[in-house]
Undergrad: 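Following this message is one structure expressed as structure tokens.
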Amino acid sequence: MKTLSKFLSILLITGSFLVSCSDDDDNNGGIINPPSSTELSGLISENLTLDSNIQYSITGAVTVASGATLTIPAGTEIVSEPGTENYLAILKGADIDIQGTAANPVIMRSNGQAGAWGGLLICGDAFTTEGTDAIAEVGGLVYGGTNDADSSGNIDYLIIQDSGAQITTDAQFNGLTLYAVGSGTTIDHVAIINGEDDGVEFFGGTVSVSNVYLENNQDDNIDWTQGWNGTISTVYISNTLDQFSTIIESDLENRNPTIENITAISSTGGTAIQAKNDSGMTINGLTLTGFDLSFDLRDNTPASNLQIDGADADLSDEAVYQSSPTNASLFAWVTNALENSETTLPANITSDLTLDASVEYQVSGPVLVSNGATLTIPAGTKIVSESGTANYLAVLKGASIDIQGTMADPVIMESNDGDAWGGLLICGDATTTQGIDAIAEVGGLVYGGNNDTDNSGTINYLILKNTGAQINADSQFNGLTLYAVGSGTTITNVAVIGGSDDGVEFFGGTVSVTNFYAENLADDAVDWTEGWNGTLSNTFVSVTLDNFSTVIEADRVNNNPKINNFTAVSTTGGTAIQLKNNSGCTITGLTLTGFNTQFDFRDSTPVSNVQVDGANANEATTYNTSTTEASDFTWATN
């Protein structure tokens with residue numbers, strides 16, 4: 001099982017290493033003298049290679065002196081004590097060599113709390129607008145010079161977590177801080193997770209960084225100032241935090257750095273990119289999903305300073321950026337390096353994940369299955385969500401779900417207290433009247449394309465309970481929400497029970513659903529809009545609630561979906577089937593029992609739009625031709 005919150009344990013093996021003493025005035029904290037061979041603090045003044053079999057601790061400011069190289073082999077774990085004096089700094093003229101691999105990255109972390117420690121800082125000799133030998137806001141570190149090709153070493157496959165400690169009232173550490181680092185430095189495959197300030201910040205310099213994963217950093221995921229002009233490429237950013245700052249913040253002199261292929265997803269809105277004081281950038285390949293604002297240009301910064309895919313940044317509310325090929329699956333090495341002893345599903349599932357049927361999983365906040373990833377849920381798995389609008393499971397466009405329930409062991413998703421939660425949402429690439437890359441009413445999810453045979457996976461024997469949380473005054477979640485899902489998707493044997501809104505709602509798409517059971521849903525059992533034109537077969541709807549809405553509601557353009565063998569029984573009267581705005585359908589096999597009104601045609605929708613068993617719908621007809629019975633769904637009701 002692969003999930004995201006707990007780091008892999010590394011066996012603590014005591015050993016010894018030698019570091020010579022030094023009287024260098026740049027020691028910034030004294031001489032390292034580890035009492036137990038596992039503690040790092042003070043100055044490293046000669047070349048030092050750590051032991052990957054030892055879990056090291058940082059107990060103060062650790063600085064690598066000019067002329068020395070700190071080598072950290074693959075699989076090494078460094079755990080910092082909390083505090084603003086605890087960080088690892090590579091001084092100007094020193095080198096770091098992080099030799100992580102995809103299978104065994106280097107891990108630097110603290111106690112799991114954002115802002116617990118200071119992260120990794122590197123001081124170089126490249127250009128910065130602050131000039132030569134500038135003084136950093138951290139510990140009087142010296143940086144900056146005239147050697148743009150300067151090398152401070154190599155970083156490969158590094159994970160930094162829990163950084164962002166407060167330095168002063170106006171300044172905080174970042175995850176990775178790069179002070180005038182030169183282009184001779186190699187930084188590749190870096191993940192920064194759970195930081196209280198920025199993920200990576202450039203203070204001038206010419207260094208480039210590639211393959212960067214950033215998750216839930218509270219301020220800016222990427223920040224630069226003082227004239228940085230390198231390249232950052234292949235970036236994936238995910239955010240589920242409220243009140244984060246931006247995914248990119250740029251400030252001061254514009255030396256036009258380049259961003260190549262950046263994908264960012266937010267489940268909480270917010271601002272994507274902010275440029276201040278005439279700064280700018282060139283971005284080639286940009287995908288933004290879920291943000292309230294794509295660009296925030298401050299201090300009269302012109303849109304022309306931001307070149308996005310060969311054009312000025314589009315500041316209009318209608319702008320959609322979906323051009324980055326960066327795939328979350330490229331960062332499977334991050335997910336694979338972390339394991340979760342808890343049961344909470346990760347906020348962002350970025351690579352294939354198979355759940356364990358013996359574990360009862362929790363949903364606490366949005367759970368997003370990202371493009372390129374597949375979430376597999378075996379038979380008998382139970383997922384229990386916190387109630388409320390912030391809690392749902394969404395399969396994003398390009399992602400896939402595989403629910404493998406059986407009649408004897410269905411998969412169950414429900415709330416932990418009986419109150420409403422958000423249910424299951426799937427975003428596909430099929431057609432919708434909203435067009436390509438439409439924006440959903442939930443979390444800015446993107447859906448819709450032109451691939452009517454698109455495949456978002458398989459669902460078999462799934463029970464959804466207590467869904468339908470209120471999104472806003474005009475909309476609610478459903479049990480199963482299908483946004484432009486294509487016909488390549490297989491959905492069979494689904495039950496939605498006790499929801500505050502619809503059972504299943506189709507927003508366009510071509511997907512078909514077979515064997516659907518709905519019980520006591522406060523709004524509509526089945527709802528469609530935006531031109532859905534699939535088939536719904538073998539449905540049983542049971543209603544004992546007062547003041548429910550309908551068992552079928554159809555709205556807007558009529559693509560004539562097919563309804564085969566539909567049985568609905570009400571003990572409280574009400575309306576069975578409502579058609580609005582010229583919608584329609586063809587029904588073969590219909591049984592309606594106990595309703596005051598069988599058909600409600602709104603907005604001048606003609607009766608001929610609903611064909612039932614080969615004839616126009618007729619309020620005076622007794623419909624009893626469906627072969628679907630309640631006994632077909634004992635797997636859902638037992």
Side-chain angles (χ1 to χ4, degrees), residues 3-5 113-115 161-162 164 175 191-199 213-223 235-249 262-274 286-296 317 319-322 324 326 328 344-350 362-371 373 385-397 399 415 420-427 437-447 469-477 481 483:
T3 49
L4 278 176
S5 68
Q113 298 298 313
Q161 191 175 31
D162 312 328
I192 304 171
I193 300 168
N194 190 40
E196 193 167 20
D197 201 67
D198 301 340
Y213 179 87
L214 299 152
E215 178 181 323
N216 283 349
N217 296 296
Q218 293 181 21
D219 195 10
D220 311 304
N221 284 278
I222 301 168
D223 194 351
V235 183
Y236 193 93
I237 299 172
S238 67
N239 178 75
T240 62
L241 298 173
D242 290 322
Q243 299 179 344
F244 75 101
S245 182
T246 67
I247 62 165
I248 293 177
E249 181 185 83
I262 179 168
T263 295
I265 296 174
S266 172
S267 63
T268 59
T271 298
I273 299 173
Q274 183 181 87
L286 173 65
T287 293
L288 300 176
T289 300
F291 294 91
D292 298 317
L293 184 65
S294 296
F295 304 103
D296 179 17
D317 291 339
V320 174
Y321 285 94
Q322 295 283 319
S324 169
T326 302
T344 301
L345 289 176
N348 288 280
I349 298 171
T350 58
Q362 314 298 314
V363 171
S364 180
V367 176
L368 308 177
V369 185
S370 295
N371 179 18
S385 174
E386 294 180 6
S387 57
T389 58
N391 306 299
Y392 56 89
L393 172 57
V395 181
L396 302 185
K397 185 176 175 180
S415 72
W421 67 294
L424 175 62
L425 307 91
I426 303 178
C427 301
D437 292 334
I439 305 299
E441 58 191 356
V442 178
L445 302 178
V446 175
Y447 68 100
Q470 189 82 32
I471 300 169
N472 55 47
D474 300 317
S475 59
Q476 288 177 274
F477 286 94
T481 307
Y483 286 110

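We count residues from 1, following the sequence as given.
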Undergrad: Atom OG1 in Thr246, atom CG in Asp223: separation rounded to 0.5 Å?
TA: 7.0 Å
Undergrad: Check the angle between the aromatic planes of Phe295 and Tyr321 and answer parallel, tilted or perpendicular using the 30° and 60° thresholds.
TA: perpendicular
Undergrad: List in chain and number order the residues that pass side chain to side chain donor-acceptor pair (under 3.5 Å) with Gln470, two or more places apart in sequence or in another chain; answer none if no residue qualifies.
TA: Gln476
Undergrad: So among Leu288, Thr289, Leu293, which one has a side-chain contact (heavy atoms from CB on, under 4.5 Å) with Phe291?
TA: Leu288
Undergrad: When rounded to the nearest 0.5 angstrom, what is the spacing between CD1 in Ile247 and OG in Ser266?
TA: 9.0 Å
Undergrad: Quick one: closest heavy-atom pair of Tyr213 and Ser238, and the distance?
TA: OH-OG, 3.7 Å
Undergrad: For Gly199 and Ile192, which heavy atoms make the closest approach, and how far apart are they?
TA: O-CD1, 3.0 Å
Undergrad: Testing the basics here: between Gly115 and Glu196, what is the closest heavy-atom pair and its distance to 0.1 Å?
TA: CA-OE1, 3.2 Å
Undergrad: Measuring from Ile439:CD1 to Tyr447:OH, what's the distance to the nearest 0.5 Å?
TA: 8.5 Å
Undergrad: About how many Å separate CG of Asp197 and CD of Gln218, when rounded to the nearest 0.5 Å?
TA: 8.5 Å
Undergrad: When rounded to the nearest 0.5 angstrom, what distance separates CG in Asp292 from OG1 in Thr271?
TA: 7.0 Å
Undergrad: Classify the side-chain pair Ser370/Tyr236 by whether it contains a donor and acceptor separated by less than 3.5 Å.
TA: yes
Undergrad: Among Leu445, Asn371, Val446, exactly one meets side-chain contact (heavy atoms from CB on, under 4.5 Å) together with Leu396. Which residue is that?
TA: Leu445
Undergrad: For Gly195 and Ala114, work out which heavy atoms get closest and say how close.
TA: C-CB, 4.1 Å
Undergrad: Rounded to the nearest 0.5 Å, what separation is found between the CG atom of Asn239 and the OG1 atom of Thr268?
TA: 4.5 Å
Undergrad: Within the 3.5 Å criterion, strictly below it, is a donor on Asp162 or Asn194 matched to an acceptor on the partner's side chain?
TA: yes
Undergrad: Could you point out which residue of Leu214, Thr326, Asn221, Ile222 forms a side-chain contact (heavy atoms from CB on, under 4.5 Å) with Ile262?
TA: Ile222
Undergrad: Got a sec, which residues hit salt bridge (Lys or Arg N to Asp or Glu O under 4.0 Å) with Asp219, two or more places apart in sequence or on another chain?
TA: none
Undergrad: Strictly distance-based, threshold 3.5 Å: is any side-chain N or O of Asn391 a donor or acceptor partner for the main-chain N or O of Glu386?
TA: yes
Undergrad: What's the verdict on side-chain contact (heavy atoms from CB on, under 4.5 Å) for Tyr483 and Val442, showing C-alpha distance, side-chain angles and the deciding distance?
TA: CA-CA 11 Å; Tyr483 286 110; Val442 178; 3.8 Å; yes
Undergrad: For Ser415 and Ser387: C-alpha separation, side-chain torsions, deciding distance, then whether side-chain hydrogen bond (donor to acceptor under 3.5 Å, both in side chains) applies.
TA: CA-CA 6 Å; Ser415 72; Ser387 57; 5.9 Å; no
Undergrad: For the side chain of Asn216 and the backbone of Thr240, is there at least one donor-acceptor N/O pair under 3.5 Å apart?
TA: yes
Undergrad: Would you confirm whether Thr389, through its side chain, and Ile471, through its main-chain N or O, come within 3.5 Å as a donor-acceptor pair?
TA: no
Undergrad: Please name all residues satisfying salt bridge (Lys or Arg N to Asp or Glu O under 4.0 Å) with Asp296, sequence neighbours left out, ordered by chain then number.
TA: Arg298
Undergrad: Testing the basics here: between Phe477 and Tyr392, what is the closest heavy-atom pair and its distance to 0.1 Å?
TA: CZ-CD2, 3.5 Å
